[in-house]
Amino acid sequence: MNTNSHPEKIFIGVSWPYASDKIHLGHLAGQYIACDVFARYHRLKGNDVLMVSGSDCHGTPILLKAEKENISPEELVKKSHKQILETYKNLGLLYENYTSTMTENHKEVVHNIFLVLKERGYLYESTSQQYYDMKVNRFLPDRYVIGTCPECGNTNARGDECPKCGAYLSVEDLINPRSTLSDVKPELRETRHFYLDLKKLEPKLDKWMKESSKNWRKWVRESSKGWIRGGLKPRAATRDMKFGIEVPVDGWEGKVIYVWIEAVIGYLSAAIEWAQNIGEPSKWEDFWKDKDCKHFYFIAGGNTQFHTIIWPAELMGYSEKYGDDTLWEKYKLPGETKGEKLNLPFDVPSNKMLMYKGRKMSKGDSHMLTADELYEKYGADLTRFFFIRFAPENHDREFSWDDLVSTNNHELVANIGNFVNRTLTFAYSKFNKTVPNGQWDEGVKKNIDSTFKEVGECIEEVKLTKALQSILKLGDFANKYFNDRAPWIDIKGNKERAKDTLFNAIQLTNALRILLRPFTPFGCKKLSELLNIRDEYDANDVLVQKGLVEKNIDTWVYEEIEGEKELNKPEILWEKIEI
RNA sequence: CGCGGGGUAGAGCAGUGGCAGCUCGUCAGGCUCAUAACCUGAAGGUCGUUGGUUCGAAUCCAACCCCCGCAACCA
């Protein structure tokens with residue numbers, strides 16, 4: 001059932017996990033749960049949602065890790081991709097298309113964009129000196145060169161920064177440079193690269209950001225403006241490497257497109273792939289060219305400038321092809337029919353960092369807890385609930401097992417779960433396994449309606465923690481209502497009043513079920529069964545490749561459960577954690 | 001003086017000009033339908049520091065202190 005007569009179009013781009021390892025808790029806190037809650041809400045509301053992402057498969061760290069494990073980079077990527085999908089499935093993270101940067105389609109779209117940017121003069125060639133390791137036959141990114149810090153004499157300063165004195169260094173400043181890959185002294189060699197001319201796009205970016213960033217989170221907006229204020233520098237768009245998407249220009253063999261120039265293009269290529277998958281190759285234009293389609297990018301702190309500066313810059317430069325007949329004919333994207341510009345980000349709800357033991361989690365030195373560890377121990381709903389309840393939306397947060405246990409026992413279990421259970425067991429045992437036929441209490445009705453309104457507004461503004469708190473407030477209200485009305489006393493002498501109480505308590509239960517669907521879909525699915533509501537929507541039907549994900553039976557307007565409906569035998573939705 | 005965020009009760013946080021709030025924890029009481037869950041009440045704060053603007057400042061301005069993130073392919 002879908003009563004939304006004016007569906008909105010919502011495009012959601014989720015930052016691409018790097019296919020070198022499993023998903024860890026920082027990823028969950030950063031974006032992978034928030035995006036799913038947001039998407040589920042909009043689908044529930046009856047909006048057309050296209051949420052895409054994929055595995056980011058290229059780059060030096062994958063190459064090095066593969067070498068270390070003595071497998072090919074392709075094998076490593078394949079393994080990681082599979083693990084990521086498994087985690088998504090377990091947690092019920094649902095995409096219209098989750099793909100990877102290894103597809104032919106992605107390569108084609110990347111080449112198309114690269115060449116248009118080049119033709120429009122946003123990519124220029126330049127040569128520079130870079131360290132080269134003769135032993136492993138490879139150019140070295142700055143961080144793979146260590147040496148003596150010219151400021152403090154620390155002998156283990158990195159090419160970009162001295163960890164001891166904090167000085168920001170240029171790699172050529174290092175005294176006695178050594179390669180971290182082979183420990184040999186690298187030599188400076190001349191190399192040629194393309195650079196993305198961000199300086200040239202700066203005025204356009206500046207204007208766009210001033211107009212568009214008003215609704216962004218403060219820290220995202222301010223730091224993005226700060227980068228522009230500080231002046232944008234050209235960024236290398238290619239690298240000396242063999243693993244990746246080759247540069248589509250003669251004489252550039254052996255070089256690939258820099259992974260962050262390339263990976264963000266995945267938001268577009270994954271939408272194109274989705275359209276092909278559903279057999280309507282032009283369908284992606286509904287999301288990328290309809291000016292009313294809002295684009296949300298769910299990412300985490302460290303990637304902010306790629307989504308507020310670099311990706312918009314690429315899109316702006318690329319969109320100049322639409323004013324040029326020659327380019328338009330020459331560089332059509334797969335399935336492209338309309339000569340309209342591509343949409344820019346509407347919001348980039350980036351989260352801050354989740355800290356673990358005082359510092360951020362990192363794949364680099366295995367300072368992390370994997371998503372699977374948490375899932376295996378506590379299941380999908382609590383994992384999801386926790387990372388929304390304690391999301392680092394505006395500042396960093398320390399991950400804490402105490403918070404996790406506390407929020408489970410006090411909020412998910414005692415507040416919501418217990419209310420549902422006391423209501424259902426009461427109705428089941430005292431009212432002959434049915435919903436008692438009672439009268440609405442106006443206060444209850446009003447509270448349900450205003451909670452739907454408030455939660456909806458919060459989610460649409462991507463204030464998910466606040467949305468969840470609002471739901472918990474309804475849970476508080478529900479428990480208080482039950483307590484104040486004391487139906488266990490009425491049942492002995494004033495059964496009509498008890499009937500009304502339970503009727504309203506059941507409505508509150510059902511309201512909580514719908515409100516929580518985006519957050520804890522598994523428990524809500526179970527609750528549907530207890531309430532004897534037909535619910536074929538599979539909470540972890542992940543990666544629907546064909547068509548938009550099937551819409552829910554529910555809507556975001558509360559519909560009452562009629563009296564005398566039969567109930568199923570109550571069961572516990574969420575278990576308390578004993579310490 | 002690189003850019004940015006944060007500093008509010010024991011802990012975690014909300015609060016952007018009008019009586020300092022929420023959750024947990026602590027203490028006391030109530031209830032017994034419910035997963036020892038639920039409800040009521042109490043204690044607990046110099047809102048980082050100093051100065052300024054204002055009838056009025058946690059909130060606006062200035063200076064300073066402390067914590068954190070951002071340069072690499074770190075979410």
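This one's a predicted model, so the numbers in the text were calculated from it and none came from an experiment.
C31(B) and C39(B) have their C1' atoms separated by 7 Å, given to the nearest Å. If you take atom P in G5(B) and the same atom in A42(B), they sit 39 Å apart, rounded to whole Å. For C13(B) and C73(B), the C1' atoms lie 34 Å apart once the distance is rounded to whole Å. Between the C1' atoms of A75(B) and G52(B), the separation comes to 42 Å (whole Å). Nucleotides A58(B) and G25(B) are separated by 30 Å at their P atoms, to the nearest Å. For the P atoms, the distance linking A63(B) with C3(B) amounts to 13 Å, nearest Å. The same atom, C1', is picked in G44(B) and in C22(B); the two are 15 Å apart, to the nearest Å. With both ends at atom C1', the span from U50(B) to G12(B) equals 29 Å, rounded to whole Å.
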- Task: Show your working on side chain to side chain donor-acceptor pair (under 3.5 Å) between His24(A) and Glu373(A) and close with a plain yes or no.
- Result: CA-CA 9 Å; His24(A) 63 67; Glu373(A) 289 174 63; over 6 Å; no

- Task: Would you please test Thr191(A) and Gln130(A) for side chain to side chain donor-acceptor pair (under 3.5 Å) and show each step?
- Result: CA-CA 7 Å; Thr191(A) 181; Gln130(A) 267 185 21; 5.6 Å; no

- Query: Can His193(A) and Thr238(A) be said to form a side chain to side chain donor-acceptor pair (under 3.5 Å), step by step?
  - Reply: CA-CA 6 Å; His193(A) 282 294; Thr238(A) 53; 2.7 Å; yes

- Just by protein heavy atoms under 4.0 Å, how would nucleotides 31-38 of chain B read 5' to 3' in B, S and -? SSBBB-SB

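Salt bridge absent: Lys463(A) and Glu457(A) never bring a charged side-chain N and a carboxylate O closer than 4.0 Å. Using a cutoff of 4.0 Å between basic side-chain nitrogens and carboxylate oxygens, Lys199(A) and Glu202(A) are scored as salt-bridged. Salt-bridge annotation for Asp36(A) and Arg384(A): present, with a side-chain N of the basic residue lying under 4.0 Å from a carboxylate O of the acidic one.
Nearest nucleotide to the side chain of Tyr18(A), out of G69(B), A14(B), C73(B): C73(B). Comparing C39(B), A75(B), G6(B) by their nearest atom to the side chain of Asn303(A) picks out A75(B).
Backbone-only engagement by Arg235(A) is indicated by non-hydrogen atom pairs under 4.0 Å involving sugar-phosphate atoms exclusively. In this structure, Arg229(A) reaches the sugar-phosphate backbone alone: every heavy-atom distance under 4.0 Å involves primed, P, OP1 or OP2 atoms, never a base. Using a 4.0 Å heavy-atom cutoff across all strands shown, Gly230(A) reaches no nucleic acid atom at all. The residue Gln469(A) sits apart from the nucleic acid: no heavy atom pair falls under 4.0 Å. Nucleic acid contact for Asn351(A): none, since no nucleic acid atom lies under 4.0 Å from a heavy atom of the residue. Ser406(A) comes within 4.0 angstrom of the backbone, heavy atoms only, and of no base.
Base pairing annotation: A42(B) forms a Watson-Crick or G-U wobble pair with U26(B), both donor-acceptor distances under 3.5 Å. The base-pairing partner of G17(B), taking Watson-Crick or G-U wobble contacts with both distances under 3.5 Å, does not exist among the strands shown. Judged by Watson-Crick or G-U wobble contacts below 3.5 Å, the nucleotide U49(B) has A63(B) as its partner. Using the Watson-Crick or G-U wobble rule with both distances under 3.5 Å, A57(B) pairs with nothing in any strand shown. In this structure, C73(B) forms no base pair with any nucleotide, since neither Watson-Crick nor G-U wobble geometry is met with both distances under 3.5 Å.
No side-chain N or O of Asn351(A) forms a donor-acceptor pair with one of Arg397(A) less than 3.5 Å apart. A donor atom on one side chain and an acceptor atom on the other are not found under 3.5 Å apart for Tyr132(A) and Ser179(A).
Taking atom CH2 on Trp227(A) and atom P on G2(B), their separation rounds to 17 Å, with Å as the unit. Remark: C1' of C13(B) and CZ of Phe386(A) are 13 Å apart, rounded to the nearest angstrom. Rounded to an integer number of Å, the gap from CG of Leu76(A) to P of C73(B) is 18 Å. The separation between Lys225(A) atom NZ and G2(B) atom P is 22 Å, rounded to whole Å. Rounded to whole Å, atom P of G4(B) lies 15 Å from atom CH2 of Trp216(A). Following rounding to the nearest Å, Asp403(A) (CG) and G25(B) (C1') show an atom-to-atom distance of 12 Å.
Listed pair Arg397(A) / C68(B) fails the phosphate criterion, with no side-chain N or O lying under 4.0 Å from OP1 or OP2. Under 4.0 angstrom from either OP1 or OP2 of A14(B) there lies at least one side-chain N or O belonging to His395(A).
RNA chain B is contacted by both Gln305(A) and Phe390(A); Phe390(A) maps to the nucleotide lying nearer its 5′ end (nearest heavy atom per residue). Taking for each of Arg389(A) and Ile299(A) the nucleotide of RNA chain B with the nearest heavy atom, the 5'-most of the two is the partner of Arg389(A).
For residues 494-503 of chain A, the pairs satisfying salt bridge (charged side-chain N to carboxylate O under 4.0 Å, His left out) are Asp490(A)-Arg497(A), Glu496(A)-Lys499(A), with sequence neighbours left out.
Annotation: salt bridge (Lys or Arg N to Asp or Glu O under 4.0 Å) contacts of Asp56(A) (sequence neighbours excluded): none.
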